[in-house]
Trainee: 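Can you keep this structure in mind? I'll have questions shortly.
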Amino acid sequence: MLDIKLIRNEPDKVREAMRRRGEDAPIDEVLALDEQRRSLVTEVEQLKARRNQVSEEIARAKRAGQDATEIIAAMREVSDRIKALDDQVRDVEARLEQLLLTIPNIPHESVPYGQSEEDNVEVRRWGEPRQFDFAPKAHWDIGTGLGILDFERGAKVAGARFAVYRGAGARLERALINFMIDVHTQEHGYTEIWPPFLANTASMTGTGQLPKFAEDMFRCQGEDLYLIPTAEVPVTNLHRDEILDGDQLPIYYVAYSACFRAEAGAHGRDTRGLIRQHQFNKVELVKFVKPEDSYDELEKLVADAEAILQRLELPYRVTMMCTADVGFAAAKKYDPEVWMPSYGRYVEISSCSNFEDFQARRANIRFRRHPKAKPEFVHTLNGSGLAVGRTVAAILENYQNPDGSVTIPDALRPYMGGMTRIEPR
RNA sequence: GGAAGGGUGGCCGAGCGGCCGAAGGCAGCGGUCUUGAAAACCGCAGGGUGACGAGCCCCGUGGGUUCGAAUCCCACCCCUUCCGCCA
C-alpha cells in the first residue's frame, strides 16, 4: 500500500509512476475521498471534543446532586449528529482503503522503463549452455521415459497441471529441497521456518495477493483460508502487526512450502512438463530489513539464489524487470532464469523482489531503531531459492545422456544417497 | 463438533456506566544514595492520527443501548481446559 500522504502531497509523482507501469490507478478518486474523509473527521472530532467536555459536566452535576436533564437533552442532538458523521467516515474510509489496496507499488528509480516483458534487461550470465552431440529431449519425455515423472496419473488423481513424482524422481525433488535449505541456513545465515500452507484473508492482503489477485488462488470452501501461492505469504505475515527491535534486524528466513496457483488465464501456456503446475514446491527466502539497507539486501538475496544454480552447475542469467513487469507489490525485481534446452531459452526459476515498505504498511510490520524511538515500517524482500520443480526440469534436461539416463549433479549426490545417475528402469 | 472458562499497556493483573488511557506489581529508562553493584527511595515511561502542540481514537473484532461504555446487550474471532473425532 502506498502512503496516503505521498499521494496527497505528490500526486503527480505517483501518477507518473503509474504511467511508467502502464497502470491506470484511481489517483483522482483517492484524492477526492481523502479530502472528504479529512473534512468529515475534522467536523466529527470537534463534536466529540464537545461531547467529552459536556459529559464531564453532566457527571459533575450529578455528583453534586444537581439536575442535568436539560444538557442531556441538548447532547442527544449532538450525539445523533456524531453517529451520522461516524457512519459517513466509516463508509468513506472503507472505500478509500479498498482503492488504496488496488494501487501497485512505485518502481524504484533504477528500474528501466518498459511496456512489456520484452523490455526486461539482462544484467549478467553465468555458465555456458551445453552443446549436445545428440538430439536432447524435453524433461517431460526424459522423466516419463525414466519412470520418475507421471503426468497422466497426476491428471487422473487431481487434474491437468498436477504431476506425480516416483522413485528417484521423488527423491530428487526431496533432495533439492534439503540441499537448498541447508545451503541457505548453513552458509547464508537464514533461519529455517516451516509455515502453514494455508493462510487467511488478512495475511493474503498483507503481502498483496488480495484483493486484486483472488482468482489466482485456491480457496477453501466455507472457510477464510486460501492455499498459499508461495511461502512468502505465511512467512512475511509472521511479523504482521508487530513492532520489532531494531537490533533484531535484518531477519533472514528460509522456508520450504508447497505452492498452489490456480493459473487462471494461463490456458495453453507451458502445458507440458513441470514448468507451470497447480501445485509445486519452492524454497523461499524472506528478509525484514532497515529501509536504508534494502537495496544492498536485494543484491545479496539474488546472489543467494544464484549460489544454488552455481552449485548445481546450471547455466543461467539474471534479468531485471522493467516497469511493466516488476510485479504489483515490488519496487524492484530480479529474475534468475535457468537455461532450459527444450525451450531453447532461459526460463524463470526464481524471482527476487524488494517491496520497500509496501507490504510492511499493508501488514503493519514495524521496528524501533532505538528502544524509545518511534516505530518505522521495515522493508521486506523475498526471493525463490529456488523453485524446485523447475530445478528438476532443468537438471533432467541439462544433465541428460544419450541413453536416456540423467547424471546427478555432484552437489546433490550426498542428498541422493550417493547416486550418480538415474537410469531407465 | 460439544461443554466450561478467558481475552485489559512489554509481561502479570485490578477495574461499581461518569472522577479510567486505565490501580498495583514486574521488567525497562533516568536520578538520589554507594568506592562499585545490589537494595531502598524519587521520577519517566503504550499505539495511531496530527505539526513529537491541542484535540480525537484505541481495553480481541464488529455492531448496538446510553447524554456518556473497558464496564450493559448481540454477533463473530482467538486462546485454555475437558469430552468426542482423527494423522
Side-chain angles (χ1 to χ4, degrees), chain A residues 1-10 30-31 33-98 100-101 194-206 210 219-227 234 237-249 251 257-258 357 360-378:
Chain A
M1 192 155 66
L2 297 183
D3 188 352
I4 182 65
K5 278 182 242 171
L6 177 70
I7 303 178
R8 186 189 303 153
N9 297 333
E10 301 180 71
V30 165
L31 289 170
L33 283 170
D34 178 49
E35 204 168 312
Q36 202 182 337
R37 188 192 79 89
R38 285 192 296 155
S39 94
L40 286 168
V41 164
T42 309
E43 190 183 346
V44 77
E45 284 189 358
Q46 281 169 1
L47 290 174
K48 281 180 179 172
R50 203 167 124 219
R51 180 180 68 185
N52 290 343
Q53 231 177 331
V54 175
S55 283
E56 241 173 88
E57 282 173 35
I58 294 173
R60 257 203 308 274
K62 289 215 161 180
R63 251 174 287 139
Q66 294 165 357
D67 179 64
T69 47
E70 223 166 284
I71 345 181
I72 289 176
M75 284 315 289
R76 186 167 292 147
E77 220 170 288
V78 174
S79 188
D80 287 345
R81 179 73 185 142
I82 289 173
K83 200 164 290 178
L85 285 169
D86 267 344
D87 284 347
Q88 286 184 54
V89 170
R90 206 172 319 161
D91 175 61
V92 168
E93 265 176 359
R95 281 193 284 157
L96 184 57
E97 171 90 356
Q98 281 311 302
L100 285 174
L101 288 174
W194 195 288
F197 293 0
L198 286 77
N200 58 27
T201 297
S203 295
M204 290 296 180
T205 306
L210 288 177
R219 180 168 190 177
C220 298
Q221 195 167 26
E223 302 278 350
D224 180 28
L225 287 172
Y226 297 81
L227 306 198
N237 278 283
L238 246 30
H239 294 304
R240 174 154 51 81
D241 293 322
E242 289 185 15
I243 301 176
L244 305 165
D245 292 337
D247 53 22
Q248 289 179 258
L249 301 177
I251 294 171
S257 89
D357 63 7
R361 183 171 283 109
R362 284 173 163 251
N364 194 26
I365 308 168
R366 295 171 294 171
F367 77 104
R368 251 188 263 271
R369 219 167 260 285
H370 313 290
K372 289 192 169 177
K374 274 225 155 202
E376 302 171 49
F377 289 117
V378 300

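A, B, ... follow the sequence lines: proteins, then strands. Residue 1 opens every chain.
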Trainee: Taking atom C1' in both B:rG46 and B:rA70, what distance in whole Å separates the two?
Mentor: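 The answer is 16 Å between these two C1' atoms.
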Trainee: Any carboxylate oxygen within less than 4.0 angstrom of a Lys/Arg side-chain nitrogen, looking at A:Asp80 and A:Arg76?
Mentor: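 Between A:Arg76 and A:Asp80 there is no salt bridge, as every charged N stays at least 4.0 Å from the carboxylate O atoms.
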Trainee: May I ask which nucleotide in the shown strands pairs with B:rC41, Watson-Crick or G-U wobble, both distances under 3.5 Å?
Mentor: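 Result: B:rG31.
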Trainee: Between A:Lys83 and A:Asp87, does any NZ, NE, NH1 or NH2 come within less than 4.0 Å of an OD or OE carboxylate oxygen?
Mentor: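 So A:Asp87 does not pair with A:Lys83 through a salt bridge.
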Trainee: Partner lookup for B:rC85, please. Criteria are Watson-Crick or G-U wobble with both distances under 3.5 angstrom; report none if nothing qualifies.
Mentor: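 Per the H-bond distance test, none.
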Trainee: Is any side-chain heavy atom of A:Asp86 closer than 4.5 Å to a side-chain heavy atom of A:Lys48?
Mentor: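 In short, these two side chains touch, coming nearer than 4.5 Å.
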Trainee: Could you identify the nucleotide paired to B:rC52, looking across every strand shown and requiring Watson-Crick or G-U wobble geometry with both distances under 3.5 Å?
Mentor: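 Across any shown strand, B:rC52 pairs with none.
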Trainee: When you match A:Glu56 and A:Arg37 each to their closest nucleotide on RNA chain B, which lands nearer the 5' end?
Mentor: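 This one resolves to A:Glu56.
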Trainee: If the C1' atom of B:rC42 is compared with that of B:rC78, how far apart are they to the nearest Å?
Mentor: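 One C1' to the other, the span is 42 Å.
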Trainee: Does anyone know the first and last nucleotide of RNA chain B in reach of chain A, 5' to 3', at under 4.0 angstrom to a heavy atom?
Mentor: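 In short, chain A contacts RNA chain B from B:rG18 to B:rG68.
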Trainee: Quantified in whole Å, what is the C1' atom distance between nucleotide B:rA69 and nucleotide B:rC19?
Mentor: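 That atom pair is separated by 15 Å.
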Trainee: Would you mind pulling out the nucleotide paired to B:rU80, Watson-Crick or G-U wobble, both distances under 3.5 Å?
Mentor: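 Across any shown strand, B:rU80 pairs with B:rA4.
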Trainee: Taking for each residue the nucleotide of RNA chain B bearing the nearest heavy atom, is the 5' side occupied by A:Arg60 or by A:Asp87?
Mentor: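 Its nearest nucleotide lies further toward 5', so the answer is A:Arg60.
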Trainee: Sticking with atom P, work out how far B:rU61 lies from B:rU8, rounded to a whole angstrom.
Mentor: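 10 Å, rounded to whole Å.
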Trainee: If you measure from the C1' atom in B:rC16 to the same atom in B:rA23, how many Å do you get, rounded?
Mentor: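 It comes out at 14 Å once rounded to the nearest Å.
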Trainee: Is the shortest heavy-atom distance from the side chain of A:Leu33 to the side chain of A:Arg37 under 4.5 Å?
Mentor: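 Side-chain contact under 4.5 Å: no.
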Trainee: What integer number of Å spans the P atoms of B:rG25 and B:rG43?
Mentor: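 That atom pair is separated by 12 Å.
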Trainee: Which part of the nucleic acid, if any, lies within contact of A:Arg50, taking any heavy atom under 4.0 Å across all strands shown: a base, the sugar-phosphate backbone alone, or nothing?
Mentor: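 Nothing: the residue A:Arg50, judged by heavy atoms under 4.0 Å, touches no strand.
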Trainee: Pick base, sugar-phosphate or nothing for A:Arg38, based on heavy-atom distances below 4.0 Å to the nucleic acid.
Mentor: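 No contact at all - A:Arg38 keeps every heavy atom at 4.0 Å or more from the nucleic acid.
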Trainee: In whole Å, what separates the C1' atom of B:rG60 from that of B:rC26?
Mentor: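 Result for the C1' pair: 24 Å, nearest Å.
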Trainee: What is the distance from atom CD of A:Glu97 to atom CD1 of A:Ile4, rounded to the nearest 0.5 Å?
Mentor: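 CD1 of A:Ile4 is found 10.5 Å from CD of A:Glu97.
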Trainee: Does any non-hydrogen side-chain atom of A:Arg219 lie less than 4.5 Å from one of A:Met204?
Mentor: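 No. Closest side-chain heavy atoms not under 4.5 Å.
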Trainee: With rounding to the closest Å, how many angstrom separate the C1' atoms on B:rG24 and B:rC76?
Mentor: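 Taking atom C1' in both B:rG24 and B:rC76, they lie 33 Å apart.
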Trainee: Would you say the side-chain atoms of A:Ser203 and A:Asn200 include a donor-acceptor pair closer than 3.5 Å?
Mentor: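 Side chains of A:Ser203 and A:Asn200: pair found under 3.5 Å.
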